[in-house]
Amino acid sequence: MLSAAELDELQAFLDRELSPESSARVAARLAVDPAWAEALVTLARETTVLSDWARVHQRAERIDVQAADNRRVVRALASARMWLGSAAALALIATGIIRWTQSTPDTAASVVARIEQVTGQAFITSLAVRSVATVGVVIESGQGLEVQGEDSSLVVRYADGTRLAIDGDAKIDEFVGGAPGTKKRVRIATGVLRADVAKQPSDRPMKLMTPSAEIVVLGTSFDLSGDDDLTHVETSEGAVRLIRKSDGQSIEVPAGFAGIAHSNTTLDAHASAPRLQSSRFTTPGYYRTTLLSPDGRTLVTSRFNSNVVQLWNTLDGSLLTTLQDPADAIVATAISHDGLRLATGASHGAITVWNLDTHQRLASFAGRTELQSLAFSRYSKTLAALSGPAQQAKSLTVIDLTTNAPHTHDQVFPGEFWAFSPAGKTLITASSRTSSVTLWDVASGVEKRVLREFPQRVICLALSPDETDLVVSDMSGRVTLWNVETGELSHTFRPLGGTVHGLAFSADGQRLAMGQRHATVRLWNVADHQPIATLTGSVAPSSTATIRPIFFSADRSTLATTESHDAGLVRLWRLPP
């Protein structure tokens with residue numbers, strides 16, 4: 001039996017991390033020592049090197065016919081005799097692996113693309129090896145990519161100008177082609193990407209393959225999301241062909257249309273929701289909180305690590321006034337439902353209530369440290385404050401605004417994600433550790449309902465104004481609508497563009513806004529579950545802006561969106577009727 005040091009040396013040999021001299025020494029030992037050959041085959045099998053090696057090199061055009069024949073022999077012997085202990089079979093398999101480890105690739109022929117931009121965590125995957133993806137690094141044929149984290153992204157660029165922007169928590173199994181005269185192929189395991197494909201030769205179209213579909217591209221711009229059972233493509237320029245793998249049926253998806261490939265739906269292309277790209281009002285800055293008054297005339301903003309709150313006139317973009325808390329940075333704000341009061345909360349817990357019209361200070365309250373959120377009750381009789389460390393259980397304090405008397409509940413409220421209902425009656429908390437969402441009565445602190453078994457970690461949630469519908473976004477990229485009274489799932493939205501980071505209901509509960517990456521918001525009709533419009537603040541494929549806080553005006557004519565990353569813009573949109 002080999003020692004740990006010898007096994008480590010064999011693994012380094014497989015990973016091609018040894019010097020030429022050490023590699024030659026190991027190869028010589030493998031040729032005469034069956035124990036070493038058997039250990040090498042075992043390591044190769046455990047790390048899936050053999051199967052990936054054969055798959056990658058079958059497709060690489062630089063491998064000659066004799067090498068391909070040798071591979072077929074190796075694979076046949078590996079599957080039939082690997083565990084029979086045949087020294088000859090082991091030697092032949094080991095010889096094949098040695099040839100692979102000692103081969104010198106034709107770099108020019110194998111280059112697919114280069115990494116143009118990286119945000120967050122991303123890795124290049126090749127066989128059993130994974131390396132950190134950095135700007136300028138070449139992706140070779142047979143390699144893949146993994147992008148990890150909801151705020152991570154990566155952009156790759158081909159020599160012909162084709163660009164792919166890949167969003168967080170995505171996995172590309174394999175890139176093939178890219179050199180002149182080769183066919184471009186991208187095999188996607190899961191995730192979201194935006195593509196701007198240069199014109200391709202008619203006999204060599206680019207193909208993007210998900211587990212459920214294949215997209216054939218001659219040159220166009222489109223968004224694509226795919227996983228094991230559903231592929232969604234929306235074309236902005238040109239046209240693509242969407243082929244469902246389950247039955248081979250296909251459709252053309254021209255510019256302005258979207259297509260979905262799913263085994264339980266009719267394969268069809270529907271007109272995309274209209275896109276709005278011109279906001280009515282924009283103000284730059286990295287904001288901690290943003291609010292829109294019920295009449296849509298006043299925008300309230302506070303910047304990160306700032307102890308001031310700014311009030312803006314949304315009609316002409318002018319700054320109305322600046323309110324200052326001398327104690328600490330503002331971390332939470334709330335506007336009463338009648339639009340008369342503004343509450344601001346500092347990180348150390350102090351809360352101030354202002355007159356929104358006259359900008360006069362009405363009351364001040366000491367609070368608990370690490371304040372997270374504020375909410376007025378519907379008739380402004382109470383103000384609720386949620387406090388505690390972001391990733392731990394929190395306390396809830398309710399302030400009676402007629403007597404200025406605070407009351408802190410004995411109950412602690414677990415979860416890393418939370419939201420107050422529009423009426424301020426209900427607190428919703430979510431925990432990634434238990435995959436559950438809990439609704440609490442704000443006045444009493446009593447648990448009202450628990451919804452369980454969300455497929456992945458919850459990211460954000462919102463309750464309808466009448467508190468009958470709860471909408472939840474999780475890391476699966478889907479948004480689920482729940483009936484609060486029955487606790488049953490009402491509908492699953494599958495928005496193109498991946499994970500939803502911000503959610504909001506309109507005041508009448510008839511519209512739902514979903515904020516996503518690339519400064520995009522998608523509006524849906526709640527009743528018939530149909531898209532209404534898409535708002536795009538930044539259309540650059542490399543944009544990392546994510547929409548998080550979203551607010552409707554009371555008459556649902558105006559929507560306020562806040563972008564993280566990039567310029568940190570707040571935009572006000574005039575919505576379609």
Considering the options L164, D173, I166, L224, which one meets the side-chain contact (heavy atoms from CB on, under 4.5 Å) requirement together with I188? L224

L299 and F281: which non-hydrogen atoms are nearest, and at how many Å? CD2-CE2, 3.5 Å

Under 3.5 Å, is there a donor-acceptor pair between the T301 and W312 side chains? yes

Can you list everything that forms a side-chain hydrogen bond (donor to acceptor under 3.5 Å, both in side chains) with H529? Sequence neighbours excluded, please. H491

Hey, does N355 have a side-chain heavy atom less than 4.5 Å from the side chain of R341? no

Given side-chain contact (heavy atoms from CB on, under 4.5 Å), test T190 with D228 step by step and report yes or no. CA-CA 7 Å; T190 184; D228 288 339; over 6 Å; no

List the atom of F552, the atom of R511, and the distance in Å for their closest heavy-atom pair. CZ-CB, 4.3 Å

Answer with yes or no whether the side chains of S221 and S236 bring together a donor and an acceptor at under 3.5 Å. no

Backbone N/O of V253 and side chain of T235: donor-acceptor pair under 3.5 Å: yes

Got a second to check how far T520's OG1 is from L535's CG, nearest 0.5 Å? 8.5 Å

Nearest heavy atoms of L242 and A213, plus distance in Å: CD1-CB, 3.8 Å

Do L342 and L323 have side chains that get closer than 4.5 Å, going by heavy atoms? yes

For A533, does its backbone N or O pair with a side-chain atom of R522 as donor and acceptor, under 3.5 Å? no

In terms of side-chain heavy atoms, does S553 have a donor or acceptor partner in D555 at a distance below 3.5 Å? yes

Any donor and acceptor pair, going by atom type alone, linking the side chain of T382 with main-chain N or O of V398 inside 3.5 Å? no

In short, G509 meets V526 closest at the heavy-atom pair O-CG2, 3.6 Å

A329 backbone acceptor or donor facing H348 side chain under 3.5 Å: no

Lys/Arg N to Asp/Glu carboxylate O, R275 vs E234, below 4.0 Å: yes

Where the side chain of S293 meets the backbone of T298, is there a donor-acceptor pair that is under 3.5 Å apart? yes

Does L503 reach the side chain of V471, with side-chain heavy atoms less than 4.5 Å apart? yes

Do the side chains of D169 and M475 get nearer than 4.5 Å, heavy atoms only? yes

Ring centres under 6.0 Å, that's the criterion: do W524 and F493 meet it? yes

Looking only at heavy atoms, which two atoms of S212 and A261 are closest? And how far apart? OG-O, 4.2 Å

Are there more than 12 heavy atoms of other residues, nucleotides or ligands under 6.0 Å from atom CZ of F304? yes

Check ion pair D508-R556 (N to O, under 4.0 angstrom): yes

For W440 and F413, run ring pair (Phe, Tyr, Trp, His ring centres under 6.0 Å): C-alpha distance rounded to whole Å, both residues' side-chain angles, the deciding distance at 0.1 Å, then the answer. CA-CA 9 Å; W440 309 84; F413 302 87; 5.0 Å; yes

Any ion pair linking R494 and D227 (charged N to carboxylate O, less than 4.0 Å)? no

Enter the distance from Q310:CD to I330:CD1 here, rounded to the nearest 0.5 Å. 12.0 Å

With no hydrogens and no angle check, do the side chains of T290 and T562 hold a donor and an acceptor under 3.5 Å apart? yes

Report the distance from atom CG of L463 to atom NZ of K425, rounding to the nearest 0.5 Å. 10.0 Å

Do T231 and K245 have side chains that get closer than 4.5 Å, going by heavy atoms? no

Rounded to the nearest 0.5 Å, how far does CD1 of I547 lie from CE of M514? 14.5 Å

Atom CG of residue position D316 - does it have more than 12 heavy atoms of other residues, nucleotides or ligands inside 6.0 Å? yes

For R478, is there an ion pair with D229 - N to carboxylate O distance below 4.0 angstrom? yes

Answer whether the closest heavy-atom distance between the side chains of T492 and L481 falls below 4.5 Å. no

Side-chain contact test, heavy atoms from C-beta onward, threshold under 4.5 Å: evaluate it for N483 versus S490 and give yes or no. yes

Taking it one step at a time, do T438 and T429 satisfy side-chain contact (heavy atoms from CB on, under 4.5 Å)? CA-CA 5 Å; T438 305; T429 63; 3.8 Å; yes

Rounded distance (nearest 0.5 Å) linking atom OG1 of T534 with atom CG of L496: 8.5 Å

Look at R378 together with E467 and state whether they make a salt bridge at an N to O cut-off of under 4.0 Å. no

Are a donor atom and an acceptor atom from the side chains of T426 and K448 found within less than 3.5 Å of each other? yes

So, R244 side chain and H262 main chain: donor-acceptor pair closer than 3.5 Å or not? yes

Might you work through the side-chain contact (heavy atoms from CB on, under 4.5 Å) test for T289 and L291, ending with a clear yes or no? CA-CA 7 Å; T289 69; L291 288 173; 5.9 Å; no

Inter-residue atom distance I550.CD1 - H501.NE2, 0.5 Å rounding: 11.0 Å

Side-chain donor-acceptor pair present, S152, Q121, cut-off under 3.5 Å: no

Has T486 got a side-chain atom pairing as donor or acceptor with E488's backbone, closer than 3.5 angstrom? yes

Taking S421 for its side chain and G424 for its backbone only, find out whether a donor-acceptor pair lies under 3.5 Å. yes

Pair T333, T344 - check side-chain hydrogen bond (donor to acceptor under 3.5 Å, both in side chains), show working. CA-CA 4 Å; T333 53; T344 62; over 6 Å; no

Restricting to ring-ring contact (aromatic ring centres under 6.0 Å, His included), what partner residues turn up for W354, sequence neighbours left out? none

Using only heavy-atom distances, determine whether the side chains of D167 and S153 contain a donor-acceptor pair under 3.5 Å. no

NZ of K171: more than 12 outside heavy atoms within 6.0 angstrom? no

For L401 and K381, what are the C-alpha separation, side-chain angles and deciding distance, and is it a side-chain contact (heavy atoms from CB on, under 4.5 Å)? CA-CA 5 Å; L401 296 177; K381 291 183 178 181; 6.0 Å; no

With a cut-off of 6.0 Å (strictly less than), are more than 12 heavy atoms of other residues, nucleotides or ligands near CZ of R574? no

Side-chain ion pair, R194 and D223, N-O less than 4.0 Å: yes

Are any of the side-chain heavy atoms of R548 and T546 separated by less than 4.5 Å? yes

Residues H409 and V442: closest non-hydrogen pair is NE2-O, 2.8 Å

Assess the residue pair S336 and D338 against the criterion (side-chain hydrogen bond (donor to acceptor under 3.5 Å, both in side chains)); give the C-alpha distance rounded to whole Å, side-chain angles, the decisive distance to 0.1 Å, and a yes or no. CA-CA 6 Å; S336 61; D338 56 13; 2.6 Å; yes

Which atom pairs, donor and acceptor, lie under 3.5 Å between side-chain atoms of residues 363-376 and protein residues at least two apart or in another chain?
| unit_1 | atom_1 | unit_2 | atom_2 | d |
| --- | --- | --- | --- | --- |
| Q372 | NE2 | G388 | O | 2.7 |

